[in-house]
Amino acid sequence: MARILIDLPERFVFSTALTIYINHINYGNHLDNSALLSLVSEARVRFFKSLGYSELDVEGLGIIVADAAVQYRSEAFHGEVLRFEMTAHDFNKYGCDLVWRASEQDSGREVARGKTGIIFFDYGARKPAAAPAAFSSRFA
């Protein structure tokens, strides 16, 4: 099986720090894979908020997560603080990828990288909508 390889952009427009709590730890005594996705979700909410949006209102449209890919790079442990960097990348008609990297804040050790594919959604009409130009132009 081919491994997932995620290329990162040259720069990220956003970063935030999140602490690994005991409920994020699995029986291997390190960050659980499902907990990592929860932390990525929190970082995504903060990313949109930093731009003046919410996940239900990006230029009048909501978003839906269409897919997600993760490439694990190292273990992370209880009490560590992860720095999540994120940017929007690879736009298409209905959405884009939110590309991210998680690194341990003090050492800079890369823990994981990934991308979350999103589509813009008109919740009133219950259908996908074109990516808002005002949003995508911020990342040109």
Side-chain angles (χ1 to χ4, degrees):
M1 177 171 93
R3 300 271 66 102
I4 293 172
L5 297 175
I6 297 169
D7 293 322
L8 298 178
E10 289 185 25
R11 71 179 188 91
F12 292 92
V13 301
F14 171 78
S15 73
T16 191
L18 295 167
T19 302
I20 300 174
Y21 296 124
I22 195 65
N23 63 318
H24 297 135
I25 301 301
N26 65 16
Y27 59 85
N29 204 31
H30 57 224
L31 179 63
D32 187 80
N33 63 72
S34 64
L36 174 63
L37 290 177
S38 290
L39 293 169
V40 171
S41 293
E42 177 65 26
R44 185 181 65 244
V45 168
R46 292 179 184 192
F47 168 73
F48 280 112
K49 186 174 182 178
S50 77
L51 297 169
Y53 300 125
S54 74
E55 291 187 321
L56 290 175
D57 185 6
V58 179
E59 302 295 332
L61 299 171
I63 68 156
I64 292 180
V65 172
D67 54 42
V70 177
Q71 184 182 0
Y72 297 96
R73 309 288 284 191
S74 67
E75 293 178 291
F77 302 98
H78 175 252
E80 289 184 327
V81 177
L82 297 183
R83 179 174 169 238
F84 284 85
E85 300 167 281
M86 188 173 286
T87 195
H89 186 67
D90 198 20
F91 281 83
N92 59 56
K93 181 177 179 180
Y94 293 108
C96 64
D97 286 335
L98 300 180
V99 182
W100 57 268
R101 173 175 48 208
S103 303
E104 196 278 323
Q105 184 170 267
D106 291 338
S107 68
R109 178 186 80 249
E110 186 177 359
V111 172
R113 59 176 62 184
K115 61 183 181 174
T116 303
I118 62 167
I119 62 168
F120 292 93
F121 196 76
D122 181 335
Y123 278 94
R126 306 300 302 169
K127 64 180 186 175
F135 178 78
S136 59
S137 67
R138 293 176 145 199
F139 306 96

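Worth knowing before you read on, the calculation uses all heavy atoms, side chains too, and leaves out hydrogens, waters and symmetry mates.
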Show me the pairs that pass side chain to side chain donor-acceptor pair (under 3.5 Å) and involve residues 119-140, at least two apart or across chains. none
Taking ring-ring contact (aromatic ring centres under 6.0 Å, His included) as the cut-off, I'd like each qualifying pair that reaches into residues 61-85, sequence neighbours left out, listed once. none
Among Arg11, Arg101, Arg113, the one residue meeting salt bridge (charged side-chain N to carboxylate O under 4.0 Å, His left out) with Glu85: Arg101
Contact summary for Ala131 and Gly95, nearest pair of heavy atoms: CB-N, 4.1 Å
Distance check, rounded to the nearest 0.5 Å: Asp106 atom CG versus Arg83 atom CZ? 12.0 Å
Nearest heavy-atom contact between Ala69 and Trp100 is O-CZ2, 4.5 Å
Is Val13 linked to Met86 within one hydrophobic cluster, defined over Ile, Leu, Val, Met, Phe, Trp and Tyr using a side-chain heavy-atom separation of less than 4.5 Å? yes
Does Ser74 use its side chain to pair, donor to acceptor, with the backbone of Glu110 at less than 3.5 Å? yes
Once rounded to the nearest 0.5 Å, what's the spacing between atom OG of Ser38 and atom NE2 of His24? 6.5 Å
Measuring from Ile118:CD1 to Asp97:CG, what's the distance to the nearest 0.5 Å? 8.5 Å
Which residues pass the side-chain contact (heavy atoms from CB on, under 4.5 Å) test with Ser107, not counting sequence neighbours? Glu104, Arg109
Would you compute the distance between atom CD1 of Ile20 and atom CG of Leu36 and round it to the nearest 0.5 angstrom? 8.5 Å
With a cutoff of under 4.5 Å between side-chain heavy atoms, which Ile, Leu, Val, Met, Phe, Trp and Tyr residues group with Ile4? Ile6, Leu8, Phe12, Val99
Where do Leu39 and Leu18 come nearest, in terms of heavy atoms and distance? O-CD1, 3.4 Å
Enumerate, atom names and distances included, each donor-acceptor pair closer than 3.5 Å involving a side-chain atom of residues 44-67, sequence neighbours excluded.
residue : atom : partner : partner atom : Å
Arg44   : NE   : Glu55   : OE2          : 2.4
Arg44   : NH2  : Glu55   : OE2          : 3.2
Arg46   : NE   : Glu42   : OE2          : 2.9
Arg46   : NH1  : Thr16   : OG1          : 2.9
Arg46   : NH1  : Ala17   : O            : 3.1
Ser50   : OG   : Phe47   : O            : 2.7
Tyr53   : OH   : Glu59   : OE2          : 2.5
Ser54   : OG   : Leu56   : N            : 3.2
Ser54   : OG   : Asp57   : N            : 3.1
Asp57   : OD1  : Gly60   : N            : 2.8
Asp67   : OD1  : Gly117  : N            : 3.2

Go through the steps for Phe135 and Phe120 under the test ring pair (Phe, Tyr, Trp, His ring centres under 6.0 Å), then give the verdict. CA-CA 11 Å; Phe135 178 78; Phe120 292 93; 5.5 Å; yes
Minimum heavy-atom distance between Tyr94 and Pro128, given as atom pair plus value: CD2-CB, 4.0 Å
Show which residues join Tyr27 in its hydrophobic cluster (side-chain heavy-atom contacts under 4.5 Å, direct or indirect), or state none. none
Got Asn33 and Val70 here, is their nearest side-chain heavy-atom distance under 4.5 Å? no
Mind checking the OG1-CG spacing from Thr19 to Leu82? Nearest 0.5 Å is all I need. 8.5 Å
